[in-house]
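What follows is one structure encoded as structure tokens, with my remarks underneath.
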Amino acid sequence: MSVIVDRSPVPSWLTDRISNRHLVGIGVGWVAFFFVFPILFLVVESLNFGEGSLFEAYHRAMGGVYVDAFVRSFIYGFVTTVLTLAFAYVLAYYLAFASKRVRLLLTLVVVPLWIAYIIRYFGLLLFFSPTGPLAQAGLEIDLLFTSTAVILGLTNAYLPFAVLPIYNSLNAIHHETIDASRILGAGQSRTIYEVVLPLSAPGIVAAGVIVFILATGSFLGPAVLGGPGQSMIANEIARTFLEAYNIQLASALAVIYTVLLVAFIAAFNAVFNLQEALGNI
């Protein structure tokens, strides 16, 4: 007589009551309540229902300092993404194929995520300050309140978000595939370029999207490490709302940023198929 043991972590009474349709409904409701409805609320708040043009706030948002902030945000986001992917790929490759202490190094990668961003940015601020360790070592590097400082800070902050998906893709590559490439005469560089890199593309794509979204919408990075000339769109939205208390203009800026970001993701998806990439990591 055989006994069937149910090892499911979910109680049977719960699985009998909840179907896939319920799970989909919960997911759709979550997205609608925390993303769609707030965006619709911002759209309503951004419109001028009094005297003047209905889209008066959008006309103001598309001129002057705000356009510069939009452009700067996407440039910083792009440069940060490129640098982060480069550093993350080297580190993830070492973790996947060379390191003998993978768990320890992965822990060191994840630990910074437990530290608040404000603390990490202030750590860099002190590191690059005129009285910091670089200055005491005789290296007087004037980086604070520059675009370089902001990009370095963003790269440092979002590096773990790139390492983990890339490492996951690299770790899924069978060593037999790499060995077959080497047996067929390909050198290490050619094996990396023609075998490892294409197979790890899903992790690279996923990491790139995550880092770009986080970097372009960063507020603390330019607020702590930058100056007025390094202000990004999140800083302008906060300044418009909290200092000028212009809810209409701040809402318009938020709507424009969201539309631009969604358009970028849609274009990126048309080229790289994000659903396939995210499903393979």
Side-chain angles (χ1 to χ4, degrees), residues 20 23-47 54-55 57-63 66-86 88-89 151 154-155 157-166 168-169 197-219 221-222 231-238 240 249-281:
N20 292 335
L23 296 177
V24 172
I26 293 173
V28 172
W30 181 275
V31 173
F33 187 79
F34 289 103
F35 181 74
V36 177
F37 291 157
I39 293 299
L40 292 177
F41 179 75
L42 287 175
V43 171
V44 174
E45 286 292 325
S46 66
L47 299 176
L54 181 66
F55 302 102
Y58 288 92
H59 291 304
R60 291 187 59 188
M62 296 307 295
Y66 304 114
V67 173
D68 295 337
F70 277 117
V71 174
R72 191 179 299 114
S73 297
F74 281 90
I75 291 177
Y76 284 4
F78 176 77
V79 176
T80 299
T81 302
V82 172
L83 290 177
T84 304
L85 290 180
Y89 198 90
I151 292 173
L154 296 177
T155 302
Y158 302 128
L159 185 62
F161 293 100
V163 172
L164 296 178
I166 294 176
N168 196 30
S169 289
L197 196 60
L199 291 177
S200 61
I204 298 174
V205 171
V209 172
I210 294 172
V211 172
F212 184 83
I213 292 174
L214 293 174
T216 54
S218 176
F219 170 81
S231 178
M232 297 172 65
I233 191 59
N235 305 98
E236 294 300 330
I237 292 174
T240 303
L249 180 56
S251 300
L253 291 170
V255 170
I256 293 173
Y257 170 69
T258 303
V259 170
L260 291 175
L261 199 58
V262 171
F264 164 79
I265 296 174
F268 200 80
N269 180 57
V271 176
F272 293 102
N273 193 350
L274 291 178
Q275 182 177 357
E276 180 180 353
L278 294 175
N280 290 333
I281 62 173

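For Val28, the side chain to side chain contact (heavy atoms under 4.5 Å, CB included) partners at least two apart in sequence or on another chain are Val24. Among residues two or more places apart in sequence or in another chain, the side chain to side chain contact (heavy atoms under 4.5 Å, CB included) test is passed with Leu47 by Phe49, Leu54, Phe55, Tyr58.
A side-chain hydrogen bond (donor to acceptor under 3.5 Å, both in side chains) check over residues 31-45, counting only residues at least two apart or in different chains, returns nothing.
Between Ser218 and Asn235, the closest heavy-atom pair is O-OD1, 4.1 Å. Between Gly203 and Ser169, the shortest heavy-atom contact is N-OG, 2.9 Å. Between Ile166 and Ala88, the closest heavy-atom pair is CD1-CB, 4.0 Å. Residues Leu253 and Glu236 come closest through the heavy atom pair CD1-O, 4.4 Å. The two residues Tyr257 and Ile213 come nearest to each other via the heavy atoms OH-O, 3.9 Å. Of all heavy-atom pairs between Ala32 and Pro38, the closest is O-CD, 4.1 Å.
Leu249 has its side chain within reach of Tyr66: a pair of non-hydrogen atoms, C-beta onward, lies under 4.5 Å apart. For the pair Thr216/Thr81, no side-chain contact is recorded, criterion being any heavy-atom separation below 4.5 Å from C-beta on. Between Trp30 and Phe35, the closest side-chain pair of non-hydrogen atoms is not below 4.5 Å. Side-chain atoms of Phe268 and Val205, non-hydrogen and from C-beta on, do get closer than 4.5 Å to each other.
To the nearest 0.5 angstrom, Phe219 atom CZ is 10.5 Å from Ile237 atom CD1. The OG atom of Ser251 sits 10.0 Å away from the CD1 atom of Ile39 when rounded to the nearest 0.5 Å. Distance check: Leu214 CG to Thr80 OG1 gives 11.0 Å after rounding to the nearest 0.5 Å. Atom CD1 of residue Ile233 and atom CG of residue Asp68 lie 10.0 Å apart, to the nearest 0.5 angstrom. In this structure, OG1 in Thr84 is found 12.0 Å from CD1 in Ile210, a value given to the nearest 0.5 Å.
Although no hydrogens or angles enter the test, the distance criterion places no donor-acceptor pair under 3.5 Å between the side chain of Thr155 and the main chain of Leu83.
Other residues, nucleotides and ligands contribute only 12 or fewer heavy atoms inside 6.0 Å of the CZ atom of Phe33.
Note: Phe212 and Phe264 meet the aromatic proximity criterion, with ring centroids under 6.0 Å apart.
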Chi angles and distances behind the side-chain contact (heavy atoms from CB on, under 4.5 Å) call for Leu85, Val211 = CA-CA 9 Å; Leu85 290 180; Val211 172; 5.6 Å; no
